[in-house]
Amino acid sequence: MKTTSKAGILRRAAAGWHLFALSFSRLFRSRQTLVCALLLGLASIAVAAWSLRDERTPAEFIEQIFLAVFVSFLLPVFSLCYATAGLAADREERTLVYLLLTPLPRPLVFLSTSAASLLLAAAWTVGGTTLLCWIGGPAGRQAWGPLCPAVAYSTGAYVALFLLVGVTFRRATIIALAYALFIETLIGNMPGIAKRLAISFYTRCLIFDAGAEFGIGASGPSDPNLFIPIAADSARTILCLLGGGLLLAGLLVFTFREYTR
Amino acid sequence: MTTICQIDRVSKWYGPVIGLNDVSLQIRPGITGLVGHNGAGKSTLIKLMTGELLPTLGEVRIRGLRARSAGAKRFLGHCPDVDAFYEEMSGRRFVRTMARLHGFGRREAGERTEVVLAQVGMTDRADRPLATYSKGMRQRIKLAQALVHDPELIVLDEPLNGVDPVGRGELIGLFRTLRDRGKAILVSSHLLDEMDTLADRILFICRGRILASGSLAEIRTMLDDHPSQIRINTTQARQLGTHLLALDLVQAVELKDDGELLLHVQRVHEFFGQLAEVVTRSGIDIERLRVIDASTQAVFDYLMNSFNHPR
């Protein structure tokens with residue numbers, strides 16, 4: 001009996017691994033990869049043009065390039081591209097039934113496909129940060145080290161949020177895009193503590209903290225009196241809890257929801 | 001006979017609309033046909049059996065495990081009615097992928113894939129991308145993925161849709177082979193003609209309730225309100241009609257112009273015994289005898305009529 005049970009667990013683990021590999025391969029070959037490549041290509045051209053002028057500083061790179069282009073747009077878009085192309089796309093294309101017919105527990109189905117989405121999104125966000133910093137010349141290369149952790153934490157939170165959207169709503173991509181491009185921007189730029197509802201707020205707090213050595217901080221529209229940043233440790237903790245909480249919520253929704261075709 | 005799927009007092013509500021109403025049944029080895037109009041509850045019943053839906057009341061168990069549980073899926077193969085696949089894959093890769101997702105190693109998954117592709121007649125055509133397949137070929141691949149882990153319960157939702165007549169014959173042959181191997185097969189189909197010869201047992205469903213279940217002959221016999229209609233061709237129609245009118249089981253005899261008798265009889269199997277005696281005694285030759293309303297379609301029509309116009 002014990003042998004059977006052990007064999008069963010091994011078989012499930014093998015099937016879960018195969019589902020991860022399948023999801024990863026299908027996501028990587030999807031049109032989302034083309035979209036991400038196109039957007040990163042355009043951003044790279046913009047950064048290359050920006051870096052042509054001499055005497056650029058890391059602070060300028062972070063404020064003019066990284067916060068304006070990457071944090072506000074590319075980071076959420078890369079995350080949503082892969083987070084809403086996993087189970088949500090299976091649901092839209094009505095192929096989810098095949099996954100639900102396998103002897104894999106639903107939480108394992110969710111975790112396997114989510115891991116593939118997270119890995120690819122992280123590859124694009126962290127890889128994209130690396131590429132843009134490299135193209136950005138010495139200023140960008142100096143900023144790379146402090147920026148990477150903030151990007152990694154934020155990617156986790158965004159992906160978890162969009163995974164939850166994906167297993168909860170139909171047309172998840174449209175809802176996630178609307179959130180990323182409008183609601184996040186709107187809330188993230190509101191005065192007072194309302195902006196703390198936006199993931200980008202915590203990303204900015206981490207970047208301001210990490211970039212303090214370059215003399216950056218809340219200024220202009222991010223005036224400290226309006227922005228009211230929180231400590232980096234708190235921002236990191238909140239992003240981790242948010243990511244974990246949203247992932248758990250997505251897992252529970254997927255486990256108990258009835259998916260009819 | 002072993003019960004493979006047990007449905008116990010199951011009801012399913014979609015908000016204020018009832019999809020299935022207090023249904024209890026057991027699925028045993030053999031071919032069970034599921035017949036009903038659109039919206040009758042066939043899809044709800046199938047989705048409850050495959051664990052896609054949860055019952056509002058009652059319980060569905062496969063081999064003693066809740067249908068929604070991961071463990072129950074080892075015993076279940078399902079050919080869904082949706083025409084959706086991982087279109088970028090070939091048929092062979094799709095079936096192999098499903099085998100891998102059932103936990104089989106690379107080699108075993110490959111071997112099982114070849115076996116089921118041969119069973120559904122797709123061995124030579126399985127390397128093309130699924131997007132280029134005809135409807136019939138897609139049906140066969142769906143069937144192959146349902147069989148790849150050798151399940152005990154096979155739930156087939158409109159498996160013959162889009163399959164040409166020759167292909168239908170082949171697939172029906174496959175279903176019979178699977179039945180002979182002890183599998184329990186539930187087939188939902190609107191092709192009632194094929195149910196006549198395919199199903200050992202039929203479930204007639206209407207407005208979320210099982211109207212009748214059993215073999216076609218058993219159900220037909222239960223329909224007392226509708227005597228069976230039998231056509232007899234003979235050269236001595238008038239004499240035979242006179243003899244038959246004396247039988248209790250014969251309710252009416254119509255003599256047609258072309259020497260044909262149309263009988264309305266109760267308890268048709270008992271009647272055949274009496275008819276044999278009459279024919280032997282009187283020496284009348286019968287050229288042809290047909291029961292004309294014992295088909296699935298006829299029984300379904302009678303059941304629906306009785307359900308819609310209760311006495």
Side-chain angles (χ1 to χ4, degrees), chain A residues 1 4-34 85-87 89-113 116 253-261, chain B residues 12-14 19 43-44 46-56 62 65 67-89 93-106 108-109 130 141-142 145-146 148-149 151 153-155 157:
Chain A
M1 194 69 188
T4 311
S5 162
K6 196 178 168 188
I9 290 168
L10 285 175
R11 233 168 108 152
R12 271 187 191 167
W17 171 254
H18 189 74
L19 178 56
F20 166 77
L22 174 72
S23 303
F24 188 90
S25 153
R26 293 193 72 226
L27 285 171
F28 184 68
R29 294 176 192 187
S30 66
R31 63 173 180 272
Q32 274 73 9
T33 300
L34 288 177
L87 289 172
D90 270 323
R91 197 175 161 198
E92 287 298 317
E93 290 160 16
R94 300 188 299 170
T95 50
L96 184 60
V97 62
Y98 295 113
L99 297 184
L100 299 183
L101 283 172
T102 62
L104 289 169
R106 284 195 179 202
L108 186 56
V109 172
F110 179 82
L111 290 175
S112 297
T113 51
V253 169
F254 183 73
T255 302
F256 294 107
R257 197 179 170 112
E258 291 177 331
Y259 291 102
T260 51
R261 293 158 227 156
Chain B
K12 178 66 188 175
W13 290 82
Y14 300 101
S43 293
T44 301
I46 285 176
K47 284 175 184 170
L48 286 163
M49 287 173 72
T50 58
E52 285 178 78
L53 294 178
L54 281 166
T56 311
I62 298 172
L65 300 165
R68 195 170 162 98
S69 70
K73 302 291 174 12
R74 280 187 291 126
F75 304 107
L76 170 76
H78 177 37
C79 175
D81 61 337
V82 291
D83 189 32
F85 293 96
Y86 299 140
E87 300 287 347
E88 74 279 9
M89 290 184 182
R93 192 169 159 227
F94 178 74
V95 178
R96 198 165 49 220
T97 297
M98 291 306 294
R100 295 297 303 274
L101 292 178
H102 274 87
F104 297 112
R106 189 186 295 270
E108 193 177 357
L130 279 158
I141 291 295
K142 265 198 286 183
Q145 66 77 30
V148 77
H149 55 295
L153 172 65
I154 303 162
V155 178
D157 202 350

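Residue numbering restarts at 1 for every chain, and letters A, B, ... go by the order of the sequence lines. Everything numeric here is computed off the predicted structure, so don't read it as measured data.
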Give the minimum heavy-atom separation between [X] and [Y], together with the two atoms involved.
{"X": "A:Y98", "Y": "B:M98", "result": "O-CE, 3.4 Å"}
{"X": "A:Y259", "Y": "B:E52", "result": "O-OE1, 3.8 Å"}
{"X": "A:R12", "Y": "B:A70", "result": "NH2-CB, 3.8 Å"}
{"X": "A:H18", "Y": "B:L101", "result": "CD2-CD2, 3.9 Å"}
{"X": "A:E93", "Y": "B:A84", "result": "O-CB, 3.3 Å"}
{"X": "A:E258", "Y": "B:L54", "result": "OE2-N, 2.6 Å"}

Where does [X] contact chain A at under 4.5 Å (heavy atoms): side chain, backbone, both or neither?
{"X": "B:Y14", "answer": "neither"}
{"X": "B:Y86", "answer": "both"}
{"X": "B:E87", "answer": "neither"}

Toward chain B, the part of A:R257 with a non-hydrogen atom under 4.5 Å: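 The answer is the backbone of A:R257.
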Please flag which part of A:T255 lies under 4.5 Å from any non-hydrogen atom of chain B: side chain, backbone, both or neither.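 The answer is the backbone of A:T255.
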Within the supplied structure, the quantity of interest is the number of heavy atoms (other residues, nucleotides, ligands) at a distance under 6.0 Å from B:R74 CZ; does it exceed 12?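 12 or below, so no.
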What's the separation between atom [atom1] in [X] and atom [atom2] in [Y], rounded to the nearest 0.5 Å?
{"X": "A:L100", "Y": "B:K73", "atom1": "CG", "atom2": "NZ", "answer": "7.0 Å"}
{"X": "B:M89", "Y": "A:S25", "atom1": "CE", "atom2": "OG", "answer": "7.0 Å"}
{"X": "B:Q145", "Y": "A:T102", "atom1": "CD", "atom2": "OG1", "answer": "10.5 Å"}

